[in-house]
Amino acid sequence: MLNRVKYAMLCMARQCWEQGIAAQAMLECGDSDTMVQLARDCVVRQNADGRLCDVESTPAIVDPAVCVEPVRAAGELLGKECYLRAAQRNVDYLLHDAPASADGARYHLLGGEEVWADSLAMGPHVLMQAGYLDEGVRYYEAVRRRLFDEATGLVHHKWDERSQSFSRACYWGVGNGWALVGLMRMAMALKARGDARWRKIAADFAALVEAMLPHQAENGLFHDILDDLQSFYESESTEMFAYSIYKMVLCKMVDERYLCAADRARRAVEARVDASGLLLSCAGSPDFEHEGTSVEGQAHFIMMEAAAASLNR
């Protein structure tokens, strides 16, 4: 099944973040050869401003940063300084040139001032991994102030800084999944550098898991809009939930009691892979607002399985 999922993913068209998340999946499952090939084109298509994997003059500001970690890993594996410089150029873009709010929330698309939940897994941890711990935390806290709902514990999808209102206020399952994955990566990056702030990030992760748990259906899945039972059962948010919990337990940063819910989610997602290796019923590309398939859904499946194997699940 895993090989079919990987093959299907590699046959899909990919935008900048999709190339990066596919490369990250190959990094985490141990397929270094494929990871290097995917990272190579991230560098080949680097924009003059530093953003990696620019496909058709992308308006994406934050998304290209997903490519940084696999590009850096490829540079270290190959001993190629040009890859390391390319990764640093994207970090420098995030640090100095990416349009942002006064308190550090990078906007998601050129020409606008929207802050998306997606960015939680695409920007803050990248800065932390590069050693800019304070700026990474500042970035995260600025996004949190705009998108986290204290009453429900969940994450709204999009905030518009110009209008000072939500441009998409719903509790999108994949948006909350991006938040979980981002919090996991932030906690790992801080802990790896001996920064005690990982404990606060891990606590925020656990709080979001707790907020999502009541929305997990008996079949193990989450709805596309977490609190809208009329929306379809969605696969990617479900696997992001399982994947991030496995990783946090593996790193001893959350309680093992969440593994039961993660296992239920994983079993539900595995049952949704068809004979060709496509994970069905994801928030589907290209608009991610309708039921379909996606590169990121395929990639998170691979990472979920790799993390589960590390825990002998």
Side-chain angles (χ1 to χ4, degrees), residues 1-2 5-6 9 20-32 34-35 66 68-70 72-73 76-77 120-122 124-126 128-130 133 136-137 140 174 176-213 216 220-222 235-270 273 279 296-313:
M1 181 190 294
L2 196 57
V5 170
K6 182 192 298 186
M9 179 186 74
I21 203 71
Q24 183 71 29
M26 297 300 95
L27 174 63
E28 294 191 21
C29 77
D31 186 348
S32 298
T34 306
M35 182 270 291
V66 177
V68 169
E69 186 175 354
R72 185 183 292 118
E76 291 170 352
L77 182 66
L120 288 169
M122 299 175 177
H125 78 277
V126 171
M128 294 174 188
Q129 288 174 344
L133 305 183
V137 171
Y140 161 61
V174 173
N176 281 266
W178 282 123
L180 282 176
V181 171
L183 287 163
M184 174 266 290
R185 296 200 194 286
M186 287 181 242
M188 290 176 62
L190 290 169
K191 190 175 184 182
R193 288 183 171 266
D195 190 308
R197 285 176 289 186
W198 73 264
R199 298 183 185 279
K200 171 61 168 61
I201 300 294
D204 288 350
F205 175 91
L208 183 52
V209 170
E210 292 283 357
M212 290 181 68
L213 278 173
Q216 187 177 27
L221 298 163
F222 292 94
S235 298
E236 187 183 5
S237 58
T238 304
E239 65 190 356
M240 294 164 104
F241 177 83
Y243 161 61
S244 58
I245 289 173
Y246 289 149
K247 292 287 282 188
M248 288 293 278
V249 170
L250 191 64
C251 295
K252 303 186 185 305
M253 290 192 285
V254 293
D255 198 290
E256 292 186 6
R257 65 191 175 90
Y258 296 127
L259 287 174
C260 180
D263 288 341
R264 286 178 57 226
R266 179 184 172 216
R267 288 193 296 269
V269 171
E270 287 177 335
V273 177
L279 175 61
E296 61 189 57
Q298 303 288 122
H300 280 116
F301 183 92
I302 294 166
M303 290 187 280
M304 175 186 71
E305 292 295 293
S310 295
L311 282 170
N312 297 314
R313 305 305 286 177

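Everything numeric here is computed off the predicted structure, so don't read it as measured data.
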Side chain proximity check, Tyr246 to Leu259, heavy atoms < 4.5 angstrom: yes

Exercise. What is the ring orientation for Trp178 with His300, classed by angle as parallel under 30°, tilted 30 to 60°, or perpendicular over 60°?
Worked result: perpendicular

Under 3.5 Å: donor-acceptor pair, side chain of Gln129, backbone of Ala189:
no

Original post:
Is there a side-chain contact between Phe222 and Asn176 (heavy atoms, below 4.5 Å)?
Top reply: no

(Q) Could you tell me if the side chain of Met188 sits less than 4.5 Å from the side chain of Met253, heavy atoms only? (A) yes

By side-chain contact (heavy atoms from CB on, under 4.5 Å), Leu213 pairs with (sequence neighbours left out) Val209, Glu210, Gln216, Phe241, Tyr258, Ala261

Residues at least two apart in sequence or cross-chain that pass side chain to side chain donor-acceptor pair (under 3.5 Å) with Ser244, listed by chain then number, are none

Tell me whether Thr238 contacts the main-chain N or O of Val269 through its side chain, where contact means a donor paired with an acceptor under 3.5 Å. no

Which of Met248, Met240, His125 passes side-chain contact (heavy atoms from CB on, under 4.5 Å) with Met184? Answer is Met248

Is any side-chain N of the basic residue among Arg197 and Asp195 closer than 4.0 Å to the acidic one's carboxylate O?
yes

Heavy-atom nearest pair, Gln298 first then Val5, reads NE2-O, 3.0 Å

salt_bridge(Arg185, Glu28) N-O dist < 4.0 Å = yes

*asked:* Can you tell whether the side chains of Arg266 and Glu270 come within less than 4.0 Å, N to carboxylate O?
replied: yes

Hits for side chain to side chain donor-acceptor pair (under 3.5 Å) against Tyr140, two or more places apart or cross-chain, chain-then-number order -> Arg144, Asp204

inquiry  = For a 4.5 angstrom cut-off between non-hydrogen side-chain atoms, does Val66 reach Gln24?
reply    = no

Of all heavy-atom pairs linking Ile201 and Ala187, the shortest is CG2-N, 3.7 Å

Of all heavy-atom pairs linking Met128 and Gly136, the shortest is CE-C, 3.5 Å

Any side-chain heavy atom of Cys29 within less than 4.5 Å of one from Met26?
yes

